[in-house]
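Heads up, the thing below is written out as structure tokens.
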Protein chains: 2
Amino acid sequence: MEQQASKHEQVKQHLHKEITEGNYEPGEKLPSEKRLCDYFKVSRVTVRHALQNLENDGFIYRKQGVGAFVSNQNYKSNLVRLTDFAEDMRQAGLQSSSRLIELKKVDPIKEVNEILDIRPDMKLIQVDRVRLGSGKPIAFDTTWLPPGYGQLLFDEDLTTQTIYNIIEEKYEIPINAGSYRITAANANKFISKHLKLSEGDAVLEIDRCSRTTGNKKVYFQKRYYNPTHVSYVMELSRTDESQGPSKQGLPLKEFSPRFAK
Amino acid sequence: MEQQASKHEQVKQHLHKEITEGNYEPGEKLPSEKRLCDYFKVSRVTVRHALQNLENDGFIYRKQGVGAFVSNQNYKSNLVRLTDFAEDMRQAGLQSSSRLIELKKVDPIKEVNEILDIRPDMKLIQVDRVRLGSGKPIAFDTTWLPPGYGQLLFDEDLTTQTIYNIIEEKYEIPINAGSYRITAANANKFISKHLKLSEGDAVLEIDRCSRTTGNKKVYFQKRYYNPTHVSYVMELSRTDESQGPSKQGLPLKEFSPRFAK
DNA sequence: TGAATATACTTGTTATAACATGTTGTTACA
DNA sequence: TGTAACAACATGTTATAACAAGTATATTCA
């Protein structure tokens, strides 16, 4: 039995669908609240609730006395998408693939076991991969998983699928949270070989730990990007008032990896 | 004549003040909506509007049937504060200072002039500084400004004041937007000397361009962080529903430089 | 004592209604 | 023709009201 969503949620989804399907041009005005009330046969409270949510998510913006308009940007407001390598590549117009270097069970690593919140004597599943964009090596990464999650990977094709995808879509383990650390490192012999760099060349290192329900750690990954191909770009901008000066910083409008070919 | 703020705004500000002043512990439950209605002598619509805004800003979270609670994080929701080195240091509990290496007028630099959107033959003001946290070198940065803005710096004490501060607070030129690029680089002889590193060591490079009203570029800066002292940390987390799976990525809860001593 | 149930309380949803405030286009007047 | 006043319309604010749904606590019964 399917749970019926609330009315404001239905209205939101309907409008969201129309926007993402391109039925409205960026900047185009949505029907007035009154019209939406009549169309959906709901009260103005409900319509405004839906519009409020769409505004919070950055799909529309509103002007008093004028109307609600579809945002011209395709930025996902404060949503950050750096979860999936394949997705990143797709957006950059590159074909994503991976070269599996190794998939093996390894002895516990003190630092990693602590991060993953598992017993210090528990073995780990380790995945080493080179990540390719249209055939060119973009990044090298090593992923560690607790055995419970790690064993899910042994029957999967890791050259075309991302770990994120296997975990979340095939096994329906939702990734609800993650922490990321961005730093710089010198490529060692192993990494530089795979990224076709010289030993000692600077690489962009991203450490991340993804968590599922109950803050349970699913995997920890160290990824090394070739900085000539990848950098992270951020756009901050105050649209208008917000309030006062920049005592609170600027709202993040975009944060994404940028790829150079 | 002072403009009277709306009631829900007053309620929000009142609660916000109490939260930031520490009258509520993180995780502590706020009074129920009913109580807030009675206390502020407003309707439930108004109270809920205020709570909704506080929730959007990340100061509280709510649980149906239970109540509203003060967030334990001091994250500024989707506001990102990486504008000011001094501020960053203060939050890390370190004393901020700068060592001015050079402040000079230099010949146009093709790449920089293009970024700053000024004529290719226009000279630039260049500021080289070592940024210190409690006396230890944390970063080296070079800033280029168009002569108009640059000349404002010649009478200022750049060892204690940040450029951002001088521009925005003293000359009241608001910084409304900025773009940032995070990448990795090998420290050259010059940089490594100032950061007490070895030549070739990897450093975290942040390029940023700050803009004022009308998207006018105010300055362009290249900053090199010692990665053993500084990395950028990001926290993404879905509080609850949002909607469906993570097709849209995760909301950013925190993004800030992290300092190790 | 332990589990099921009832109850009170809390937030979530939705409708109706009135007025405030901002915008735009039209109309009337100089 | 140009401007000022006005009307129509849009979103913003706020109150009242009722019910839905989730949670916690007290109560009852086995």
Side-chain angles (χ1 to χ4, degrees), chain A residues 1-16 19 24 27-71 213-214 239-243, chain B residues 1-16 19 24 27-71 238-244:
Chain A
M1 206 54 81
E2 188 63 30
Q3 171 70 12
Q4 180 76 346
S6 57
K7 290 192 189 176
H8 71 81
E9 186 63 23
Q10 290 177 42
V11 173
K12 181 192 170 183
Q13 284 174 12
H14 184 107
L15 292 172
H16 176 258
I19 290 169
Y24 289 101
E28 191 175 340
K29 186 172 170 300
L30 292 178
S32 73
E33 295 177 357
K34 178 73 172 58
R35 281 176 179 281
L36 292 173
C37 290
D38 295 343
Y39 180 77
F40 290 108
K41 300 276 191 298
V42 296
S43 74
R44 198 164 154 233
V45 178
T46 306
V47 164
R48 283 182 62 79
H49 199 157
L51 292 175
Q52 182 64 57
N53 284 335
L54 285 170
E55 187 176 32
N56 288 343
D57 291 351
F59 294 109
I60 64 169
Y61 58 93
R62 295 194 277 179
K63 283 190 198 171
Q64 181 174 356
V66 189
F69 304 85
V70 175
S71 299
T213 313
T239 44
D240 49 332
E241 18 74 62
S242 288
Q243 62 178 9
Chain B
M1 204 56 80
E2 186 63 30
Q3 171 72 12
Q4 179 76 347
S6 56
K7 290 192 189 175
H8 70 81
E9 186 63 26
Q10 290 178 43
V11 173
K12 180 191 169 183
Q13 283 174 12
H14 184 108
L15 292 172
H16 177 259
I19 290 168
Y24 288 101
E28 191 176 340
K29 188 174 169 299
L30 292 178
S32 74
E33 295 177 357
K34 178 74 171 57
R35 280 178 179 279
L36 292 173
C37 290
D38 295 343
Y39 180 76
F40 290 109
K41 300 274 191 298
V42 296
S43 74
R44 199 166 153 232
V45 177
T46 306
V47 165
R48 282 182 64 77
H49 198 156
L51 291 175
Q52 183 64 56
N53 284 335
L54 285 170
E55 187 175 30
N56 288 344
D57 291 350
F59 294 110
I60 64 169
Y61 60 93
R62 295 194 279 179
K63 283 190 199 172
Q64 181 175 356
V66 188
F69 303 85
V70 176
S71 300
R238 200 198 324 271
T239 43
D240 49 332
E241 18 73 64
S242 288
Q243 64 174 9

Tell me the interatomic distance from [X], atom [atom1], to [N], atom [atom2], rounded to whole angstroms.
{"X": "A:E9", "N": "C:dT13", "atom1": "CD", "atom2": "C1'", "answer": "12 Å"}
{"X": "B:H49", "N": "D:dA15", "atom1": "NE2", "atom2": "P", "answer": "12 Å"}
{"X": "B:L54", "N": "C:dT11", "atom1": "CG", "atom2": "P", "answer": "14 Å"}
{"X": "B:Y61", "N": "D:dT23", "atom1": "OH", "atom2": "P", "answer": "14 Å"}
{"X": "A:Q10", "N": "C:dG12", "atom1": "CD", "atom2": "P", "answer": "19 Å"}
{"X": "A:K7", "N": "C:dG12", "atom1": "NZ", "atom2": "C1'", "answer": "14 Å"}
{"X": "B:Q64", "N": "C:dA8", "atom1": "CD", "atom2": "P", "answer": "20 Å"}
{"X": "A:Q52", "N": "C:dT14", "atom1": "CD", "atom2": "P", "answer": "15 Å"}

Assign each of A:R62 and B:V66 the nucleotide of DNA chain D bearing its closest heavy atom; nearer the 5' end lies the nucleotide of A:R62
Check: Do any N or O atoms from the side chain of A:E33 and from the backbone of A:V47 form a donor-acceptor pair under 3.5 angstrom?
Finding: no
Under 4.0 angstrom between [X] side-chain N/O and [N] OP1 or OP2:
{"X": "A:R48", "N": "D:dG12", "answer": "yes"}
{"X": "B:K63", "N": "C:dG12", "answer": "no"}
{"X": "B:T46", "N": "D:dA15", "answer": "yes"}

Quick one: pull up [atom1] in [X] and [atom2] in [Y] and give me the separation to the nearest 0.5 Å.
{"X": "B:R48", "Y": "B:L36", "atom1": "CZ", "atom2": "CG", "result": "12.0 Å"}
{"X": "A:T46", "Y": "A:Q10", "atom1": "OG1", "atom2": "CD", "result": "10.5 Å"}
{"X": "A:S43", "Y": "A:H49", "atom1": "OG", "atom2": "NE2", "result": "11.0 Å"}

**Prompt:** Taking C-beta and beyond as the side chain, do A:H14 and A:F40 meet within less than 4.5 Å on heavy atoms?
**Reply:** yes
_When you compare the side chain of B:H16 with that of B:F59, does any pair of heavy atoms fall below 4.5 Å?_
yes
Quick check: are there more than 12 heavy atoms from other residues, nucleotides or ligands sitting under 6.0 Å from NZ of B:K34? no
| More than 12 foreign heavy atoms under 6.0 Å from NZ of A:K63: is that the case here? | no
The correct set of residues in residues 34-45 of chain B placing a heavy atom under 4.0 Å from DNA chain C is B:R44
Pairwise N/O distances under 3.5 Å, protein to nucleotides 6-9 of chain D:
none

Test side-chain hydrogen bond (donor to acceptor under 3.5 Å, both in side chains), reference A:Q52, set A:H8, A:R62, A:K12, output is A:R62
- request: Test for a donor-acceptor pair under 3.5 Å between the base of D:dT11 and the side chain of A:E33, counting only N and O atoms.
  value: no
